[in-house]
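Only one structure is covered here, and it is reproduced in the block below.
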Amino acid sequence: DPHLAASVLFTAQSSYQDIQDRAVLDLGAGCGILSIGSVMLGAGSVTSVELDSDAIEDLKENVEGFEMENIEIVQGDVTNFPIRAGFKFDTVITNPPFGTKNNEGIDMKFLDVALSSINESGAIYSFHKTSTRDFIVRRMEGRCLSVEVLAEMKFKIPQMYKQHRKTEVLIDVDFIRISNRRSSKGS
């Protein structure tokens, strides 16, 4: 959803200055809408990581269509992929899969990768099922991190498998920001 992507990135930049001149990592980049939007808002560099080969093709076409050269596209599994060993990003954006049947805990694996890829003053922006909010907040606060719910929204998830009974489902989703307590807004 381009409107959602624009709102998310606008918030990250206007409220926290987390995009312009920053090294941004987009985990679960899909077709690249958040990566491209980050470049449009002045990101210094963007690394887009996506597993799905069809999404990678769309991502490449979209980046070429916008004639952007500071987006590095990486095809790989976010959960066990070494991302620029030794390099730490300023901002990480994650959009993990919401499926729970075959991907239980995948959202936390995305967050673990994000946490290991971010510098100490950086921030993570992530989408998660609202039903997991308390768990995520406890886990991040247990690591002395600040968690802010920036928005509550509904995602429309289309029917993807034969066992799905409905053509689409609405899922309550939180858009959150995670940062080191010492680097949070207003601290």
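Predicted model, so just to flag it, every value in this text is computed and none were measured. Values below: every heavy atom of this structure, side chains too, minus hydrogens, waters and symmetry copies.
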Quiz prompt | Set of side-chain hydrogen bond (donor to acceptor under 3.5 Å, both in side chains) partners for T94, sequence neighbours left out | solution = S126
Practice problem: Kindly say whether L51 contributes a backbone atom to a donor-acceptor pair with the side chain of Q75 at under 3.5 angstrom? | Solution: yes
Under 3.5 Å, which donor-acceptor pairs link side chains of residues 27-41 to any protein atom two or more places apart or in another chain?
unit_1	atom_1	unit_2	atom_2	d
S35	OG	D26	OD2	2.7
S35	OG	S48	OG	2.6
S38	OG	L34	O	2.8

Quiz prompt | Hydrophobic cluster identity match, I106 and F135, side-chain contacts under 4.5 Å | solution = yes
Quiz item: Restricting to pairs with a member in residues 130-144, which pass salt bridge (charged side-chain N to carboxylate O under 4.0 Å, His left out), not counting sequence neighbours?
Solution: D112-R139, D112-R143, R133-E152, R133-D174
Quiz item: Between I171 and K129, which heavy-atom pair has the shortest distance, and what is it?
Solution: CG2-CG, 3.9 Å
Quiz prompt | For T79, all residues meeting side-chain hydrogen bond (donor to acceptor under 3.5 Å, both in side chains), sequence neighbours excluded | solution = D77
Quiz item: Are V92 and V149 joined in one hydrophobic group, where the rule is that I, L, V, M, F, W and Y side chains link up if heavy atoms are under 4.5 Å apart?
Solution: yes
Quiz item: Which is it for I71 and F66 under the side chain to side chain contact (heavy atoms under 4.5 Å, CB included) test, yes or no, and what are the steps along the way?
Solution: CA-CA 11 Å; I71 296 181; F66 282 101; over 6 Å; no
Quiz prompt | For I136, side chain to side chain contact (heavy atoms under 4.5 Å, CB included) partners two or more places apart | solution = D107, M108, L111, H128, T132, M140, I176
Quiz prompt | Residue pairs passing the salt bridge (charged side-chain N to carboxylate O under 4.0 Å, His left out) test where at least one lies in residues 11-20, sequence neighbours excluded | solution = D18-R177
Quiz item: Judged by atom type as modelled, is there a donor-acceptor pair below 3.5 Å linking the side chain of S15 to the main-chain atoms of A12?
Solution: no
Exercise. Any chance you could lay out the side chain to side chain contact (heavy atoms under 4.5 Å, CB included) test for T47 and F87, step after step, and finish with the verdict?
Key: CA-CA 12 Å; T47 300; F87 181 83; over 6 Å; no
Quiz prompt | Taking every non-hydrogen atom, the tightest pair across V46 and A43 | solution = CG2-CB, 3.8 Å
Quiz item: Got a sec, which residues hit ring-ring contact (aromatic ring centres under 6.0 Å, His included) with Y125, two or more places apart in sequence or on another chain?
Solution: F175
Exercise. Can you sort out the partners of D172 under side chain to side chain contact (heavy atoms under 4.5 Å, CB included), two or more places apart, ordered by chain and number?
Key: T130, K154
Quiz prompt | In one Ile/Leu/Val/Met/Phe/Trp/Tyr side-chain cluster, 4.5 Å: V169, L4 | solution = yes
Exercise. For K60, enumerate each residue passing the salt bridge (Lys or Arg N to Asp or Glu O under 4.0 Å) test, keeping only those at least two apart in sequence or located in another chain.
Key: none
Exercise. For residues S45 and F89, determine if any side-chain heavy atom of one lies less than 4.5 Å from a side-chain heavy atom of the other.
Key: no
Quiz item: Any sub-3.5 Å donor-acceptor pair from E50's side-chain atoms to D52's backbone N or O?
Solution: yes
Practice problem: Report yes or no: does D90 contribute a side-chain atom to a donor-acceptor pair with the main-chain N or O of A23 at less than 3.5 Å? | Solution: yes
Quiz item: Please, which pairs that meet side-chain hydrogen bond (donor to acceptor under 3.5 Å, both in side chains) have at least one residue in residues 3-14, sequence neighbours excluded?
Solution: none
Self-check item: R22 CZ to Y16 OH distance, which is reported to the nearest 0.5 Å
Solution: 14.0 Å
Quiz item: In Å, rounded to the nearest 0.5 Å, how long is the span from CD of E148 to CD1 of I178?
Solution: 10.5 Å
Practice problem: Measure the shortest side-chain to side-chain distance between L115 and L145 over non-hydrogen atoms and say whether it is less than 4.5 angstrom. | Solution: yes
